[in-house]
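Keep in mind the model is a prediction, meaning the values are calculated, not measured. All values below were derived from every heavy atom in this structure, side-chain atoms included, with hydrogens, water molecules and symmetry-related copies excluded. Numbering of residues begins at 1 and proceeds along the displayed sequence.
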Amino acid sequence: MNMTNTLIVMALIAWCIQIIFSWFQIRRFNHAFLSLKKGMYLGVGRSKNKRFKPRVLIAISLDENQVVIDSVIMKGITVFAIPKPISQLHGLSVLDIIPEKVFPNEPSSQSALTVALTANK
């Protein structure tokens, strides 16, 4: 096998590994999303796509009074990002949530939270 064939085979193997790891990441987020406490509204927000910046996904669950009963955030560049709860949001009304105060130094998280809160309006 010459060098070109070796590089092609290595690229295909890397691509297949990326597909498998992406599948695991999607499964982790779906599991976290499905385990959210069910409310009247489930919102999902995603940060804007910037190359080489961590992507942020936020899911929130609101009750009938527009109060956050559960939430989850998943951020990272790699497929090893793990969903985590956003405990500072729990019990807050939608009107009281200011993304800039929840995530003061994270514009991507602010953007994702804004989208999650306004996606259904």
Shortest non-hydrogen contact between A116 and I60, atoms and distance: O-CD1, 3.9 Å
Where is the tightest heavy-atom contact between G45 and V115, given as atom of each residue plus distance? CA-CG1, 3.7 Å
Could you pull out all residues at least two apart from I20 that satisfy side chain to side chain contact (heavy atoms under 4.5 Å, CB included)? F24
Heavy-atom distance under 4.5 Å between the side chains of V102 and Q88, does that happen here? yes
Under 3.5 Å, is there a donor-acceptor pair between the side chain of S71 and the main chain of I86? yes
Under the salt bridge (Lys or Arg N to Asp or Glu O under 4.0 Å) definition, can you give me all pairs with a residue in residues 57-71, not counting sequence neighbours? none
Interatomic distance, CD1@I73 vs CG@L57, rounded to 0.5 Å, equals 9.0 Å
Salt bridge (Lys or Arg N to Asp or Glu O under 4.0 Å) pairs touching residues 91-103, sequence neighbours excluded, are none
Test: salt bridge (Lys or Arg N to Asp or Glu O under 4.0 Å). Region: residues 75-86. Which pairs qualify, not counting sequence neighbours? K75-E106
Under the salt bridge (Lys or Arg N to Asp or Glu O under 4.0 Å) rule, what pairs show up with a residue in residues 19-47, not counting sequence neighbours? none
Checking one residue: M3. Which other hydrophobic residues are in its cluster under the side-chain 4.5 Å linking rule? L7
For T6, side chain to side chain contact (heavy atoms under 4.5 Å, CB included) partners two or more places apart: M1, M10
List in chain and number order the residues that pass ring-ring contact (aromatic ring centres under 6.0 Å, His included) with F33, two or more places apart in sequence or in another chain; answer none if no residue qualifies. none
Other than I8, which residues form its hydrophobic cluster under the rule that side-chain heavy atoms must be closer than 4.5 Å? L12, W15, I19
Should the heavy atoms of other residues, nucleotides or ligands under 6.0 Å from CG of N105 be counted, would the total exceed 12? no
Same hydrophobic cluster for F29 and L36, using side-chain heavy-atom links shorter than 4.5 Å among ILVMFWY? yes
Could you state whether V94 and L92 fall into the same hydrophobic cluster, counting links through intermediate Ile, Leu, Val, Met, Phe, Trp or Tyr residues with side-chain heavy atoms under 4.5 angstrom apart? yes
For S22, check side chain to side chain donor-acceptor pair (under 3.5 Å) against everything at least two apart and list the hits. Q18
Qualifying residues under side chain to side chain donor-acceptor pair (under 3.5 Å), relative to R55, sequence neighbours excluded: N49
Residues clustered with I26, ILVMFWY side-chain links under 4.5 angstrom: none
Considering non-hydrogen atoms only, spot the tightest contact between F103 and Q110 and give its length. O-NE2, 2.5 Å
Joint hydrophobic cluster, Y41 plus I97, side-chain heavy atoms closer than 4.5 Å: yes
Testing the basics here: between I58 and S109, what is the closest heavy-atom pair and its distance to 0.1 Å? CD1-O, 3.7 Å
Residues V72 and A32: closest non-hydrogen pair is CG2-CB, 4.0 Å
Closest heavy-atom contact between A112 and S47? CB-N, 3.7 Å
